Amino acid sequence: MPESDQNEMMEFDPKRIVHTAQISWDSAGVSAAAVPASFPKYYCLCMLPYPSGRLHMGHVRNYTIGDVITRYQRMNGREVLQPMGWDAFGLPAENAAIRNGMPPARWTYDNIDYMRKQLKSLGFAIDWSREIATCDPKYYRWNQWLFLRMLEKGIAYQKTGTVNWDPVDQTVLANEQVIDGRGWRTGALVEKREIPMYYLGITKYADRLLQALDELPGWPERVKIMQANWIGKSEGVEIHFPYDQRSIGKAGVLKVFTTRADTLLGATYVAVAAEHPLAEAATANHPELAAFIEECKQGGVTEAELATQEKKGMATGQFVRHPLTDELLPVWVANYVLMSYGEGAVMAVPAHDQRDFEFARKHGLPLKVVVKPRDGDAPVVTTMSTALTEHGIIVNSGGYDGMTTEEAIDAIANDLNKRAMGEKRTVFRLRDWGISRQRYWGCPIPIIHCPKCGDVPVPDKDLPVVLPEDLAPDGSGNPLAKCDSFVNCVCPKCGGSAKRETDTMDTFVDSSWYYMRYACADNDQAMVDERVNHWLPVDQYIGGIEHAILHLLYSRFWTRVMYDMGLVKFEEPFTRLLTQGMVLNHIYFRKGSAGGIAYYSPDDVTPLQDEQGHITGATLKADGKAVEYGGMGTMSKSKANGVDPQALVDKYGADTVRLFMMFAVPPEQTLEWSEAGVEGAHRFLKRLWKAASDHVNGGSVPRLETASLSDEQRELRRQIHATIAKVGDDIGRRYTFNTAVAAIMELLNALTRSDDRSPQGRAVMQEAFEAISLLLTPMAPHTCEVLWQRLGREGSVVTAAWPQPDPSALVRDSIEIVIQVNGKLRGRVAVPAQADRKSIEQAALAEPNVQRFVEGKTVRKVIVVPGKLVNLVI
RNA sequence: GCCCGGGUGGCGAAACUGGUAGACGCAACGGACUUAAAAUCCGUUGGCUGGCAACGGCCGUGCCGGUUCGAGUCCGGCCCCGGGCACCA
C-alpha cells in the first residue's frame, strides 16, 4: 500500500473521505442513476421539497431514507432511478416578497441553488439530469395543457366557492393567514365570500379511488383508512320535504340526505345551512334572521373552525311537510349544517342524533322516540340525557313498528320511492377540488374572458401562458390583476380585446404529476412519452405523513384522468408508500396588537420551565421580553422552527449526519428534534475507521478456511452472518434502519473485543470488515467507499453486490431456554439445539433456582415453546 | 368537533407472530492513560430491597378494568401529545 494511503488510513477525516469517495464515483461514472438498463427497473422517489431557503432536518430525514433504499436496491441488482425537483410555486415566496420587496422568482431560484448544493454535499445518489422546477414554463405548460383537456371532457368546470376575505387588504386569504378569525396582517375580522372558481371533478372518481385502496398492499394501513374516511362513502336515502306554500310562498321540495331513514317518523324539524337558498329567501321580511345569517358568514372557512364553533340556530318561520305524515315541520337555520355536504340540509331527529338532541334541548324543540334497543325498553323523553344513536327496533312509527332499523330503512325508502318523495342514494364526503387561487406565484389558468364570447380556453398553440416573473406583491390583492401587459389580450375566437384570467392554480396541481415528468423531462413536444410507462408506477414513494390525504389522493386522481385519456398505462402512481414521521421542534411566538402573529426560532429564545421540566414560556434573547410557547410542531419555514443541518454537516461530515438520522428513530415515527446522539454516530464511524486501519496495517490476510476455525472464530463468524441476515431484512423488508445500524454497531463491538491475530482470525476479521463496508454503504456511502478500497477490494462499493448470509455459518449447537414458574422468569438452561420437549422439560425442572419455587408444589401444567421457553404452572 | 397515529429508564429507543422488558446509542458516575485537559480505552447505570459474597426477591411499559399458563403487545373505558380537516406545503 502506498504511503499516502497509509496516512489516510490513520486519521478519520470526513471531509477528505467525502472528497475521495465522490471523486472516485465521478471518475468511474458509478452514480446510482447511471446503471445498466438490462437490470429490472426500480423507481425510488422522495416527495419534492418546497424551496423554502435551506434544508431542514425533515428534508435530511426524507432524502436519507430514499437514498438508503436507492443504494440498497442498486446493490441488489436494480436499475434505480432517484430524481429530484422543486415544488417551487407557493405562498412563502410571496410572503418573502412582501417582507423584503424581492420578486418571488428571484427568491425561489436563489433558494433552489442553495438547497441543491446542500443536497449534493450530503452525497445522495440523485440523477440531476432530470431535475425539474414546477415554476418553469417548460413544466407548468403541461398543467395548462391537461387542464384544457379536462375542460373539454367536463372534468374541469366552473362554479362558485367560498373564500376568506380580508376587508381591509381587499384580498383573499389562505386558511393559514386567518388567525382566530382575523386577517394575519390587518387583524380585521375575516368574512366569507362567494366567488367563481374552477373545479376538478374528483368526486366522479370517488368510487374508483376508494375501491382501488384494497389493491394497494404496499401502502400503510393507516393511510388507506384515512383516505377511505376522507372519501367518506355513505349509503342512505334522499328525502323530499314538500314546501308549505303558505309560509314559504312558493311550491317546491326541500331535499335532505340521511343515513338513518328509519328514524324519519322521529323528525321534529329540519335544519338548513346559512348559505342554503331557503334561508336566503326567508331573510326578506326577517331582519333578525338576516343578521344571524350575516353572523354565520364571519370567521374562517375550515372544517375545524365550523365544527368547534358554538352550535347556533334560528327559526326561519318557514315550514315543510313531512313526506309520510303530512305534518308541518319548522325550518331552522343552523351553523352546524354544512352546505358542502349532501344537500346542505338535514332532517333533525333529536331523540336519535346527538347534535340534533343538543340543538333541540337548547331551543325547546320536541323529541320523538322511534327506536328502542334490541333488548330493552324505549327511552322516556323526559329522562333522556343523550340521544339513543344505536340501531334497534322501530316503535311509534305506524306500519314500521317492530322492524329492525335496517329493515325500516328499506321499507321507508320503498314507500318514499312509490310516492316520488325520495330514493336511495350514495353520497360522498369528498368534494370536488377547487383549484383557483387568487394569487400571483402560481401557474396561470389558461382562460381568456371575452366580453363577446365569454370564457374562452387559450388555444394549445398559445401555451404556455407565461407568468411574468418580475412582479413584487405588496399584500393587497393579486399583483397579476394589476399587470396590464399580462391581463390585456386578444380573444382567440373573435379577435376583439379581452382579459386574461388572473387566478392561478393550486400548487397541488403541480405536485399531482411531477413524478411522471422525471421520466421524460427533456421532451418539449409532449407532457409524457413512452418512457413514462417504463419507469412508472413509482416502486417506492417516501414522504411525510402530513401528505397522507390531499397530495396522495390528488395524485391518484390525476393519474386516473391521464389513464382514461390514454396518456399513461397505469392507474395507480405509487406501488409502495413509506410515510415518514415528522421532525418536530419547539414553537415560540408573539401575537401582535393587530392580531398578527410572529414566530421565533428556538435558537433565539431562552425557555422557562416548571418543576416537572415542562416548558411554560420563554424570553427572546434579543430583547429579554416574554414570548409564548406553542408546544411541539413540525419543522417549517412558517413556524420558524426548522433546524439547518449545515452546521452539523460542516462539523461532522455528511455520513455522520445521515447515520444519526437513520439511527435515531424508525422512519415512520415522529422525531422530537435533539442533537444529542450525533456525537455517538460520529464516534461509531471513528471507531470503525480505527479498527479497520489496525486490521489493514496488520499485513496480508490468508484465505478463509471455514473447516479449520476455532470455536471463538466460528462464533464470531456466526455473528457476522447473523448481522448480514438481519441488516438485509431490516433495510429490505422492515425499513427499520435504526435496528440495522444497531446490529452493525454490535458486530463492531464484538470485533474490537476480539484480540485474535492468528492467520485465520485475521481472515474472519477481513470478512467482517468487508461485510460492514457493504452493509453500511446505504447509510454512510463515503466512508464505506474509502474503507472498501483500503480493504483491498476492486471496484466501487456502491456497485458491489449486497452480501448474502452463509447458512452453514449460522448453525448453532446449543440454545438457551428461559424457564418461567407461573409466568415469572426463574432461570435459564442451555440445551442442544435439537433437544425434544421431554428433555427440555427435564432440564428445566433440574435448574436449582427453579427447584426452589417448585419444591413441595404440584406442577399442574407445563408449557414448552420450542427454542424459546418453558412455563411451569404450579 | 371529526378522522389517523403515538405514550416503555435521566434521554433517543429495542423487544418483528401473545413468550427473557430496556438490545444499540446518548447523558451521568467511577477507573486507566496524560504535567493537565481534550480525545481514547475499561467498568457501572430502571426503581426498591436481601446477602460478606456467589447469587436472589419485589415493583415497573400513560391511567383504570378485562382476557390468558403468560400482556409493552389483545379487548373495553379514560388522560395526554402529534398529524390531517380541502387556500401552508
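Small disclaimer: the values here were computed from a predicted structure and weren't measured. In what follows, chains are A, B, ... by sequence order, proteins preceding strands, each numbered from 1.
- Among the atoms of the strands shown, base atoms are found under 4.0 Å from some heavy atom of A:Leu550.
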Tabulate atom names and distances for all N/O pairs under 3.5 angstrom spanning the protein and nucleotides 67-74 of chain B.
residue: B:C69; atom: O2; partner: A:Asn871; partner atom: ND2; Å: 2.4

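- A:Ala304 comes within contact range of at least one nucleobase, with a heavy-atom separation under 4.0 Å.
- A:Trp433 comes within contact range of no nucleotide atom at all, as no heavy-atom separation falls under 4.0 Å.
- In this structure, CZ in A:Arg687 is found 5.0 Å from CG in A:Leu748, a value given to the nearest 0.5 Å.
- Under the Watson-Crick or G-U wobble criterion, with both distances below 3.5 Å, B:A37 is left unpaired in every strand shown.
- Anti is the glycosidic conformation of B:G47, whose angle departs from 0 by more than 90°.
- When heavy atoms are screened at a 4.0 angstrom cut-off, A:His547 is found touching base atoms of the nucleic acid.
- In this model, no side-chain donor or acceptor of A:Arg683 finds a partner on the base of B:U40 within 3.5 Å.
- Using a cutoff of 4.0 Å between basic side-chain nitrogens and carboxylate oxygens, A:Lys362 and A:Glu310 are scored as salt-bridged.
- If you check every strand for non-hydrogen atoms under 4.0 Å, A:Phe684 touches nothing.
- What separates CD of A:Gln669 from C1' of B:C4 is a distance of 15 Å, to the nearest Å.
- Here A:Gly434 lies in heavy-atom contact (under 4.0 Å) with sugar-phosphate atoms only.
- One can place CG of A:Asp87 at 13 Å from P of B:C88, the figure rounded to the nearest angstrom.
- For the pair A:Arg355 and A:Tyr336, the NZ or CZ position fails the cation-pi test of under 6.0 Å to the six-membered ring centre and within 45 degrees of the ring normal.
- Contacts of A:Tyr50 with the nucleic acid, taken as non-hydrogen atoms under 4.0 Å apart, involve only primed sugar atoms and P, OP1 or OP2.
- In this structure, A:Thr670 reaches the sugar-phosphate backbone alone: every heavy-atom distance under 4.0 Å involves primed, P, OP1 or OP2 atoms, never a base.
- Taking atom CD on A:Gln227 and atom C1' on B:A86, their separation rounds to 13 Å, with Å as the unit.
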*What string of B, S and - do you get for nucleotides 42-55 of chain B, 5' to 3', when a contact is any protein heavy atom under 4.0 Å?*
--------------
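- Using a 4.0 Å heavy-atom distance criterion, A:Val172 is classed as a base contact.
- For the pair A:Arg429 and B:C2, the criterion of a side-chain N or O lying under 4.0 Å from OP1 or OP2 is not met.
- No more than 12 heavy atoms of other residues, nucleotides or ligands lie within 6.0 Å of NZ in A:Lys868, so this atom counts as exposed by the packing criterion.
- The CZ-C1' distance, from A:Arg61 to B:G12, rounds to 12 Å in whole Å.
- Residue A:Lys311 is classed as having no contact, given no heavy-atom separation below 4.0 Å to the nucleic acid.
- Along RNA chain B, the nucleotide nearest A:Arg828 and the nucleotide nearest A:Leu91 are compared for position; the residue whose nucleotide lies closer to the 5' end is A:Arg828.
- For A:Tyr514 (side chain) and A:Ile132 (main-chain N/O), no donor-acceptor pair under 3.5 Å exists by modelled atom type.
- A sub-4.0 Å separation between OP1 or OP2 of B:C24 and a side-chain N or O of A:Asn738 is absent.
- Base contact: A:Glu546 has a heavy atom under 4.0 Å from a base atom.
- Close to B:C59, at under 4.0 Å from its OP1 or OP2, lies a side-chain N or O of A:Lys824.
- Here A:Leu869 lies in heavy-atom contact (under 4.0 Å) with a base.
- At the phosphate of B:G83, neither OP1 nor OP2 sits under 4.0 Å from any side-chain N or O atom of A:Thr634.
- No contact: A:Tyr199 has no heavy atom under 4.0 Å from any strand.
- Along RNA chain B, the nucleotide nearest to A:Asn229 and the one nearest to A:Thr736 differ in position, and the one closer to the 5' end is contacted by A:Asn229.
- Residue-level contact check: A:Glu672 touches neither bases nor backbone, having no heavy atom under 4.0 Å from any strand.
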*A:Thr634 vs A:Ser636, side-chain hydrogen bond (donor to acceptor under 3.5 Å, both in side chains): CA-CA, chis, key distance, verdict*: CA-CA 6 Å; A:Thr634 159; A:Ser636 75; 5.9 Å; no
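- When ring centroids are compared, A:Phe89 and A:Tyr140 come within the 6.0 Å threshold.
- Rounded to whole Å, the distance from CD on A:Glu679 to C1' on B:A38 is 12 Å.
- Among A:Gln580, A:Met57, A:Met661, the one residue that satisfies the side-chain contact (heavy atoms from CB on, under 4.5 Å) test with A:Asn62 is A:Gln580.
- Checked against a 6.0 Å centroid threshold, the rings of A:Tyr139 and A:Trp513 count as neighbours.
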*Begin from the C-alpha positions of A:Thr171 and A:Asp166 and carry the test side-chain hydrogen bond (donor to acceptor under 3.5 Å, both in side chains) through to its verdict.*
CA-CA 5 Å; A:Thr171 201; A:Asp166 185 320; over 6 Å; no
